[in-house]
2 protein chains.
Amino acid sequence: MQGVDAAWLPDGAFRQVGTRRTLVRGTGPLVETVRHEVDRARARFGGGVAGDGDADLVLELTGDDGGEAFTYERRDGRTTVTASGGPGLLHGFFHVVRLGKAAFEGSCARQSHRPGLALRMLDHWDNVAVHPVMGQVERGYAGGSLFWADGRARGELERVRAYARLLASCGINAVAVNNVNVHAVEARLLTDRIGEVAAIAAQFRAYGIRTHLSVTFAAPVLLGGLATADPLDPKVRAWWAEATARVYAAIPDFGGYVVKADSEGQPGPFAYGRTHAEGANMLAAALEPHGGTVHWRAFVYDHRQDWRDRTTDRARAAYDHFVPLDGEFAPNAVLQVKHGPMDFQVREPVSPLIGAMPGTRLAVELQATQEYTGQQRHVCWLGPMWSEVLRFRPEGAAVAELADALVAVSNVGDDPFWTGHPLAQANLYTVGRLAWQPEADPAAILDEWIRLTFPAPAAAGVRSVMQESWRTYEKYTAPLGVGFMVQPGHHYGPSVDGYEYSPWGTYHFADRDGVGVDRSAATGTGYAAQYGPSWAEVYESPRTCPDELLLFFHHVPYGHVLHSGKTVIQHIYDTHFEGVEEVEKARTVWASLAGLVDDGCHARVAERYEEQLRGAREWRDQVNSYFFRKSGAPDAHGRRIH
Amino acid sequence: MQGVDAAWLPDGAFRQVGTRRTLVRGTGPLVETVRHEVDRARARFGGGVAGDGDADLVLELTGDDGGEAFTYERRDGRTTVTASGGPGLLHGFFHVVRLGKAAFEGSCARQSHRPGLALRMLDHWDNVAVHPVMGQVERGYAGGSLFWADGRARGELERVRAYARLLASCGINAVAVNNVNVHAVEARLLTDRIGEVAAIAAQFRAYGIRTHLSVTFAAPVLLGGLATADPLDPKVRAWWAEATARVYAAIPDFGGYVVKADSEGQPGPFAYGRTHAEGANMLAAALEPHGGTVHWRAFVYDHRQDWRDRTTDRARAAYDHFVPLDGEFAPNAVLQVKHGPMDFQVREPVSPLIGAMPGTRLAVELQATQEYTGQQRHVCWLGPMWSEVLRFRPEGAAVAELADALVAVSNVGDDPFWTGHPLAQANLYTVGRLAWQPEADPAAILDEWIRLTFPAPAAAGVRSVMQESWRTYEKYTAPLGVGFMVQPGHHYGPSVDGYEYSPWGTYHFADRDGVGVDRSAATGTGYAAQYGPSWAEVYESPRTCPDELLLFFHHVPYGHVLHSGKTVIQHIYDTHFEGVEEVEKARTVWASLAGLVDDGCHARVAERYEEQLRGAREWRDQVNSYFFRKSGAPDAHGRRIH
């Protein structure tokens with residue numbers, strides 16, 4: 001698309017397919033999409049149309065089950081992809097694209113590919129009308145919304161189509177097109193403005209992606225004129241059934257609803273004395289006849305906590321609210337749980353709710369938009385963190401095995417580079433690829449993304465600035481899992497005490513002697529005991545708790561010696577100096593890539609490195625000064641602390 | 001006026017005049033205003049028209065010098081006010097109103113009254129167009145603007161007239177009608193929108209008040225299409241001369257300009273390598289032929305300071321910038337200096353710039369709008385603080401003797417009570433009365449305001465909740481002159497470290513050992529040496545520095561013993577507990593006034609006391625916790641610190 005970055009699908013990514021003779025077999029809308037892709041590649045690179053006998057590549061739809069799986073093999077100089085469903089054929093096609101030259105070399109025994117997680121979803125926190133505080137895209141760092149502008153649908157459907165193509169090519173199969181905080185204008189997408197959603201859905205459909213909608217629990221009151229939104233009230237249930245039927249009339253493959261209820265001010269079932277299962281099941285019942293699903297977010301906690309009260313622990317809230325409801329949710333209700341117990345910090349333990357509700361379908365929610373991880377002004381590739389989450393084994397099975405769905409909050413906007421920071425595209429790509437193949441080595445996904453996106457001579461440089469970028473970001477921000485320490489409201493930049501005396505439940509309790517939150521069962525909030533026995537034991541004691549989560553679980557003296565052999569205070573100083581040095585190095589490496597990558601991309605990243613370095617130094621100096629002033633402990637290496 | 005509180009001019013305030021036989025002698029617009037006031041009072045209370053022989057009260061204009069002085073005497077059962085200028089007669093009339101019954105009792109030898117300060121001004125920080133961050137009124141806590149709404153003049157001239165009357169009755173004689181931060185829309189008030197200013201000026205004129213305008217230094221570029229705003233460029237000077245002539249064509253008694261230049265992002269002469277005297281004098285030259293004055297603000301400092309740099313001291317900035325320019329300012333240029341060196345904190349020393357420029361005309365700027373003093377949700381009557389400032393003797397003469405003008409940032413908006421918090425009206429009243437009579441006992445002014453405003457049975461209660469309210473506010477907020485500790489941006493509520501690592505130059509440097517800013521000459525920033533020798537000596541040493549300014553001038557250990565005999569840390573704890581207790585008591589006293597004061601007023605104040613108490617407790621707990629965590633010092637009385 002003109003004026004918009006090609007991301008990981010530049011023309012060059014189609015060279016191998018485009019120079020070959022390809023045969024596409026089958027019928028149906030997604031076969032047409034594949035055929036169109038092949039034609040486009042051929043037109044660009046001069047490959048031929050193939051008959052049965054002379055094809056280099058055969059892409060064949062063998063059934064009509066609508067499935068996503070495909071097979072891949074290569075023998076006798078021919079590469080063959082088969083699928084029994086249109087989406088499978090599309091995924092198989094992009095698999096060939098990703099393989100590039102390797103897809104047409106040597107031979108390969110028949111492989112079966114199927115997604116690790118059935119639902120691989122992006123949630124857009126896009127507002128239709130500009131919100132006075134949160135703007136057009138809540139926590140968006142890439143310009144405006146692709147879908148909405150100033151209260152209206154943008155109608156730039158070509159851009160939506162290009163977006164759908166990018167998403168499909170990395171494995172995404174569902175998109176929620178509006179913010180989970182549903183304000184007055186957005187509420188109406190469900191009813192009289194469903195046509196605007198349908199226009200977007202048509203673009204996504206062509207790439208095998210289903211469209212979802214965030215709805216407000218109060219819709220029957222706000223939109224239906226009813227006196228109540230009580231989920232057990234027959235009139236309310238009838239209203240939702242009718243509203244949902246109208247949605248499906250407009251969008252036959254509609255995916256379902258996303259709901260943030262009783263959370264940070266959003267309405268919910270608590271107002272009617274009902275449980276969250278009763279709330280979710282009402283919507284599930286409305287969706288069930290049409291094959292839809294309700295995603296019910298578990299992000300329920302007291303956001304008007306008294307900081308003086310050390311017995312209340314926000315980290316406990318989701319578990320405490322939802323575990324008693326296990327088994328009560330309908331089969332087409334999915335509980336959508338943030339990967340950590342707090343809120344997308346650079347380091348959190350995996351939420352103890354994951355694995356604790358065997359009788360409930362589970363979606364794990366990640367945040368691709370870098371709210372707390374540099375806001376797409378800092379390079380912070382989150383692949384390693386997400387991979388750790390998906391491989392974590394609460395008690396037996398891995399998170400990826402326990403979950404039905406992986407959901408990420410989108411980091412995309414109308415920015416020409418899609419994600420503001422061009423290197424943040426890697427986070428979007430990684431979400432899709434990890435959701436398809438959760439056991440994949442994230443480094444391999446990064447390499448795959450680099451290979452598709454950048455010219456080969458730039459690969460080593462790009463890899464070197466990205467592969468450790470998450471750990472670098474962690475080093476210069478909040479230490480040892482303690483979290484937050486950000487400026488209130490916008491969450492960018494350091495403010496060590498910014499949330500310390502707030503009602504948000506996000507404290508570090510630093511005093512002159514030590515720092516951290518005691519979440520042990522023995523002496524703290526008891527959060528550690530929400531885990532199954534083996535993890536509960538690991539987290540319970542500072543002796544066994546992993547260093548990187550120590551201050552999440554324990555309040556320790558500054559002189560406490562970590563497993564690393566360093567004291568907590570020296571670790572704080574050292575990591576903060578190191579983090580800045582690593583950014584300085586990365587900036588230098590990036591500078592050396594001038595001429596090797598697209599000029600516009602190079603300039604944009606270079607400019608953001610200036611800001612990242614400024615920001616990293618600010619973090620270093622504020623965090624170090626704060627803890628030096630509190631602890632009085634000198635730096636072992638005598639470096640300047642202000 | 002219907003639907004708007006009468007403030008200190010309820011009908012009852014005119015009872016004494018209204019029941020008497022009054023003779024008004026003279027001609028001219030202000031005599032007409034007095035006559036109208038008398039007629040209105042008579043109509044309400046049935047007093048008679050008087051001839052020479054039978055008058056109880058004679059109000060006589062004896063000349064046409066336009067002066068503000070008047071004489072007052074009472075003998076043979078007749079009260080006589082004379083003035084040689086219309087404004088003087090109006091002030092004399094309101095003097096009689098304020099005296100009430102006492103004006104018609106006994107006898108009184110002839111007194112001459114004249115204002116202590118020639119110019120007594122309110123600066124409105126009102127924006128014409130709503131500013132995206134600062135709103136309609138910058139730092140306004142009383143609703144919208146009286147003058148402007150959503151980009152246009154409100155046109156509610158009756159309300160402006162009622163406002164002019166209130167201001168004249170307490171002695172104000174000048175008003176600047178727009179914000180010193182002059183944005184694009186506001187800039188045009190100077191040129192094509194001057195008619196809107198003229199309509200407002202007509203209302204003020206009827207009460208002897210001259211209208212002023214804040215202008216942007218960049219006007220010749222922004223509005224005139226010139227390539228420069230260089231104050232020495234002849235084309236620029238000609239542009240200002242012409243623009244000013246057009247202003248006077250529209251408003252013949254126009255007061256002059258207010259300018260914030262090279263300050264917090266506003267343009268100024270520095271951009272052209274010119275001095276502030278050269279900048280101010282250019283505007284003075286344009287105003288001079290018409291009798292106007294330029295108010296040039298001295299609020300110039302580096303608002304992008306590096307918090308790591310302890311040698312830079314914002315408190316020094318105004319002195320350092322302006323003292324070298326003494327003697328260079330034109331006779332009709334007035335340097336407008338904030339009363340303290342920082343920014344309207346609850347406690348600051350008097351600015352060392354005051355008294356340091358004997359060859360420059362001086363306006364002292366106060367802040368009636370309670371930006372840092374509770375934002376008109378907390379009761380904080382600032383009379384005692386302002387009185388201390390005006391009586392302060394830098395070296396010899398008092399501040400009030402050194403100054404030509406007293407300027408206060410207005411606390412008024414379109415709120416029905418004018419000031420949001422009804423008791424904040426007292427601050428407005430006190431500004432005018434202190435400017436007229438700077439040596440007055442502020443307690444007497446408070447009593448006067450109470451007597452005019454409230455029924456007699458409520459007087460003792462109102463007095464008790466107000467007289468110590470400034471010291472109460474100081475107790476529960478930032479201690480010992482250290483300042484700030486507010487939430488960034490909006491400045492409401494505590495955040496002890498909120499500005500500690502910011503670029504704003506507002507630090508307390510608290511660490512585990514002590515707190516405060518070393519501004520001594522011997523070991524600190526040298527700020528203390530900006531004072532004349534006697535004060536420099538007092539402030540230089542912690543042994544002689546007054547307790548209430550100790551942390552402004554010195555960094556001391558928590559165990560440092562104050563003149564009061566308490567340690568710094570115990571003082572912090574004690575004052576914070578006391579402050580909250582005092583608010584609790586005041587709230588109880590106010591509750592007891594139900595039925596004694598107007599119901600609407602009582603309810604509004606009662607509601608604000610709930611917020612004040614909540615806020616005071618939050619201040620207490622955050623400040624105490626912060627210093628307890630840092631110092632580790634236990635409270636001597638074993639009270640709960642979180």
Side-chain angles (χ1 to χ4, degrees), chain A residues 130-133 135 304-312 485-490 492-503 507-516 555 557-558 569 614-615 617-634 639-642, chain B residues 130-133 135 304-312 485-490 492-503 507-516 555 557-558 569 614-615 617-634 639-642:
Chain A
V130 176
H131 185 273
V133 177
R304 300 201 188 285
Q305 189 177 328
D306 188 339
W307 59 268
R308 300 163 188 83
D309 165 21
R310 292 211 187 183
T311 63
T312 302
M485 301 191 166
V486 290
Q487 293 202 20
H490 58 68
Y492 187 74
S495 177
V496 180
D497 270 1
Y499 277 97
E500 189 57 16
Y501 303 94
S502 81
Y507 316 118
H508 53 64
F509 300 124
D511 62 21
R512 74 200 314 262
D513 301 315
V515 57
H555 187 93
Y558 293 113
I569 189 70
R614 187 206 63 75
R617 286 174 175 155
E618 199 61 33
W619 270 101
R620 174 194 66 193
D621 291 344
Q622 288 200 31
V623 170
N624 283 349
S625 290
Y626 180 96
F627 285 105
F628 176 69
R629 289 189 190 180
K630 271 214 157 119
S631 70
R639 289 163 293 195
R640 179 88 190 270
I641 296 177
H642 299 270
Chain B
V130 175
H131 185 274
V133 176
R304 302 203 188 283
Q305 189 177 327
D306 188 340
W307 59 267
R308 299 164 189 82
D309 165 21
R310 292 212 188 184
T311 63
T312 302
M485 301 191 168
V486 291
Q487 294 202 20
H490 57 69
Y492 187 74
S495 177
V496 179
D497 270 2
Y499 278 97
E500 189 59 15
Y501 303 94
S502 81
Y507 315 118
H508 53 64
F509 300 124
D511 61 20
R512 74 199 316 259
D513 301 315
V515 57
H555 187 92
Y558 293 115
I569 190 70
R614 186 206 62 74
R617 287 173 176 157
E618 199 60 34
W619 271 100
R620 174 194 66 194
D621 291 343
Q622 288 199 31
V623 171
N624 283 350
S625 290
Y626 181 96
F627 284 105
F628 176 69
R629 289 190 191 180
K630 271 216 156 115
S631 70
R639 289 163 295 195
R640 180 86 191 269
I641 297 177
H642 299 272

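Predicted model, so just to flag it, every value in this text is computed and none were measured. The basis for the numbers below is simple: all heavy atoms, side chains too, and nothing from hydrogens, waters or symmetry mates. Letters A, B, ... mirror the listed sequences (proteins, then strands); counts begin at 1.
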| task | Name all residues meeting the side chain to side chain donor-acceptor pair (under 3.5 Å) criterion together with B:S502; count only those two or more places apart in sequence or in a different chain, and write none if there are none. | result | none
| remark: The single option from A:Y501, A:Y499, A:F509 that satisfies ring-ring contact (aromatic ring centres under 6.0 Å, His included) with A:W307 is A:Y501
| task | Among the options B:R512, B:H642, B:K630, pick out the one with the most heavy-atom pairs lying under 4.5 Å from chain A. | result | B:R512
| message | Let's test your reading of the structure: which of B:G498, B:P132, B:S625, B:S495 forms the most heavy-atom pairs below 4.5 Å with chain A? | response | B:S625
| message | Do A:P494 and A:M485 have side chains that approach each other closer than 4.5 Å (heavy atoms only, starting at C-beta)? | response | no
| Contact class of A:E500 relative to chain B, heavy atoms under 4.5 angstrom | side chain
| note | Applying a strict 4.5 Å limit to non-hydrogen atoms, the region of A:D621 in contact with chain B is both
| Who are the ring-ring contact (aromatic ring centres under 6.0 Å, His included) partners of A:H131, not counting sequence neighbours? | A:H183
